[in-house]
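Here is the structure we will look at, set down as structure tokens.
Indexing begins at 1, ligand by ligand and atom by atom, following the structure's order.
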Amino acid sequence: MSDERAAGDAAAPVEVRVLATAEEVCEAVADELVELARRRPEAVLGLATGSTMIGLYAALSARVRDGAVSLERVRTFNLDEYLGLPEASPRSFRAFMDEHLFGPCGIDAARVAFPVAPGAEGADVRAFEDAIHAAGGIDLQLLGLGGNGHIAFNEPGSLRDSRTRAVELAPRTRADAAAAFGGLDSVPTRAVTMGVGTILEARTIRVLALGAHKADVVSRMLAGAPGSELPAGFLAGHPDVRLLVDAAAASGPDGR
Ligand code: GLP
């Protein structure tokens with residue numbers, strides 16, 4: 001099943017692609033990444049974490065394993081990282097990326113960047129932004145959606161022109177992460193995130209939302225919720241943004 005349509009603010013639509021299953025979404029985005037990396041082996045990728053990305057990274061790793069593409073020369077910039085975790089925490093976004101993408105795809109540590117290293121006290125956010133510019137800017141940025149409409153860790157109230165910075169996590173965001181951390185008390189309260197303005201400078205943005213638990217945030221985004229309330233709303237108006245959803249995430253706020 002494929003259903004292409006434009007939705008959201010009429011003046012600044014977000015293109016939406018609905019596919020039947022999460023697997024189909026992951027395969028479609030993996031195809032686009034493979035095409036980019038073949039055309040531009042030194043492509044600059046903006047990477048996201050979260051359960052939404054696991055299937056995509058598995059699909060991409062399979063293509064690398066099959067010899068369909070090499071990712072050894074890409075540069076990568078991750079969206080965000082928690083503050084306050086021990087350096088070796090398996091819950092850091094760095095550990096997630098090592099497990100799901102960098103390890104399986106042979107992407108060398110020298111070619112990856114995070115806005116802060118796990119275990120670090122503070123971030124050199126200026127150096128992170130400078131490194132993106134020095135690399136020529138991000139060719140393709142992957143994004144998931146937080147349950148409260150955040151993108152990366154830009155929580156509701158973030159500004160459209162915000163840059164990479166340390167932030168407090170919203171209560172909803174911490175609650176959503178509680179199971180993965182074995183309890184709310186173990187979830188960090190702060191993180192460093194790429195800013196909304198930084199994200200919007202990527203040449204291409206692909207947003208993935210999978211599962212019925214994302215139906216509400218997807219429908220709010222497509223209804224044109226203002227970015228100040230729902231940061232994903234800031235993506236409307238970007239010249240090359242597409243939202244890819246499975247049927248469950250497209251089912252509307254009450255599952256219809
Ligand atoms: C975290 C990340 C976001 C991600 C979100 C959704 O909050 N900072 O970048 O989009 O989780 O996670 P999941 O894919 O597990 O629903």
Side-chain angles (χ1 to χ4, degrees), residues 14 22-23 25-26 29 45-60 76-85 89-97 99-101 113-116 118 123 128 138 140-158 162 164-182 184 186-196 198-200 202 205-221 227 230-235 241-246 248-250:
V14 172
E23 191 185 353
V25 170
C26 293
V29 180
L45 306 180
L47 299 177
T49 51
S51 54
T52 308
M53 298 296 147
I54 292 176
L56 168 60
Y57 293 157
L60 200 50
T76 74
F77 292 89
N78 261 81
L79 285 169
D80 45 16
E81 180 60 277
Y82 291 112
L83 281 170
L85 288 180
S89 170
R91 301 271 78 85
S92 74
F93 288 159
R94 175 59 197 250
F96 176 99
M97 294 305 302
E99 177 184 350
H100 294 287
L101 192 72
F114 284 73
V116 67
F128 181 74
I138 290 172
L140 190 149
Q141 177 67 59
L142 296 172
L143 287 178
L145 292 178
N148 63 356
H150 73 210
I151 48 175
F153 275 136
N154 293 283
E155 303 284 22
S158 295
S162 55
T164 303
R165 66 204 187 285
V167 293
E168 297 282 332
L169 299 180
R172 165 76 191 265
T173 298
R174 295 188 64 240
D176 285 351
F181 277 87
L184 186 60
S186 304
V187 181
T189 59
R190 301 178 74 229
V192 181
T193 184
M194 218 187 259
V196 176
T198 322
I199 290 168
L200 289 173
I205 299 177
R206 295 293 177 256
V207 191
L208 283 71
L210 305 174
H213 64 297
K214 294 292 169 78
D216 181 54
V217 67
V218 164
S219 68
R220 288 178 66 204
M221 181 178 168
L230 191 93
F234 284 125
L235 298 171
V241 59
R242 184 180 302 154
L243 172 65
L244 294 104
V245 295
D246 62 3

If you have a sec, work out which protein heavy atom is nearest [atom] and how many Å separate them, to one decimal?
atom                    : result
atom 14 (O) of ligand 1 : T52 OG1, 2.5 Å
atom 8 (N) of ligand 1  : D80 OD2, 2.7 Å
atom 11 (O) of ligand 1 : H150 NE2, 4.1 Å
atom 12 (O) of ligand 1 : G50 CA, 3.9 Å
atom 6 (C) of ligand 1  : L145 O, 3.6 Å

- Message: Could you go through F153 and Y82, starting from their C-alpha distance and side-chain angles, then the distance that decides it, and tell me whether this counts as ring-ring contact (aromatic ring centres under 6.0 Å, His included)?
- Response: CA-CA 9 Å; F153 275 136; Y82 291 112; 5.5 Å; yes

[atom1] of [X] to [atom2] of [Y]: how many Å apart, nearest 0.5 Å?
X   : Y    : atom1 : atom2 : value
T52 : L143 : OG1   : CG    : 11.0 Å
M53 : L60  : CE    : CG    : 12.0 Å
N78 : M194 : CG    : CE    : 7.5 Å

- Item | Any M53 heavy atom less than 4.0 Å to ligand 1 |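 No heavy atom of M53 comes that close to ligand 1.
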
- Query: Is it true that K214 lies under 4.0 Å from ligand 1, counting heavy atoms only?
  - Reply: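 For ligand 1, residue contact (heavy atoms, under 4.0 Å) with K214 is present.
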
- Task: Output the list of atoms in ligand 1 that are nearer than 4.0 Å to some heavy atom of G144, sorted by atom number.
- Result: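 With G144 as reference, the close atoms of ligand 1 come out as 10 (O).
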
- Item | Those atoms of ligand 1 less than 4.0 Å from some heavy atom in F153 |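 Once the distances to F153 are compared, the set is 1 (C), 7 (O), 8 (N).
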
- Given the rule in the side-chain contact (heavy atoms from CB on, under 4.5 Å) test, do L208 and V29 qualify, once you have shown the distances and angles that lead to the verdict? CA-CA 9 Å; L208 283 71; V29 180; 4.0 Å; yes

- Query: Can you check whether V245 reaches L210 side chain to side chain, under 4.5 Å on heavy atoms?
  - Reply: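 Not touching, per the 4.5 Å side-chain cut-off.
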
- Considering only heavy atoms, which of G146, A48, A152 lies nearest to atom 9 (O) of ligand 1?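 Among G146, A48, A152, the closest heavy atom to atom 9 (O) of ligand 1 belongs to A152.
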
- Message: Looking at every non-hydrogen atom in both residues, tell me the closest pair between L47 and L142 and how far apart they are.
- Response: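 The pair with the smallest heavy-atom distance is CD2-CD1, 4.0 Å.
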
- Which heavy atom in R165 sits nearest to a heavy atom in S158, and how many Å separate them?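 Closest pair (atom of R165, atom of S158, distance): NH2-OG, 3.2 Å.
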
- For T173, is at least one N or O under 3.5 Å away from an N or O on ligand 1?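 N/O-N/O distance below 3.5 Å does not exist for this pair.
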
- Are any of the N/O atoms in T49 less than 3.5 Å from those in ligand 1?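 By distance alone, the answer is no.
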
- E168-T189 side chain donor-acceptor pair, cut-off 3.5 Å: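 No donor-acceptor contact under 3.5 Å links the two side chains.
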
- Message: Just to be sure I read this right, does ligand 1 sit under 4.0 Å from the backbone of L143, its side chain, both, or neither, counting only heavy atoms?
- Response: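 Neither part.
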
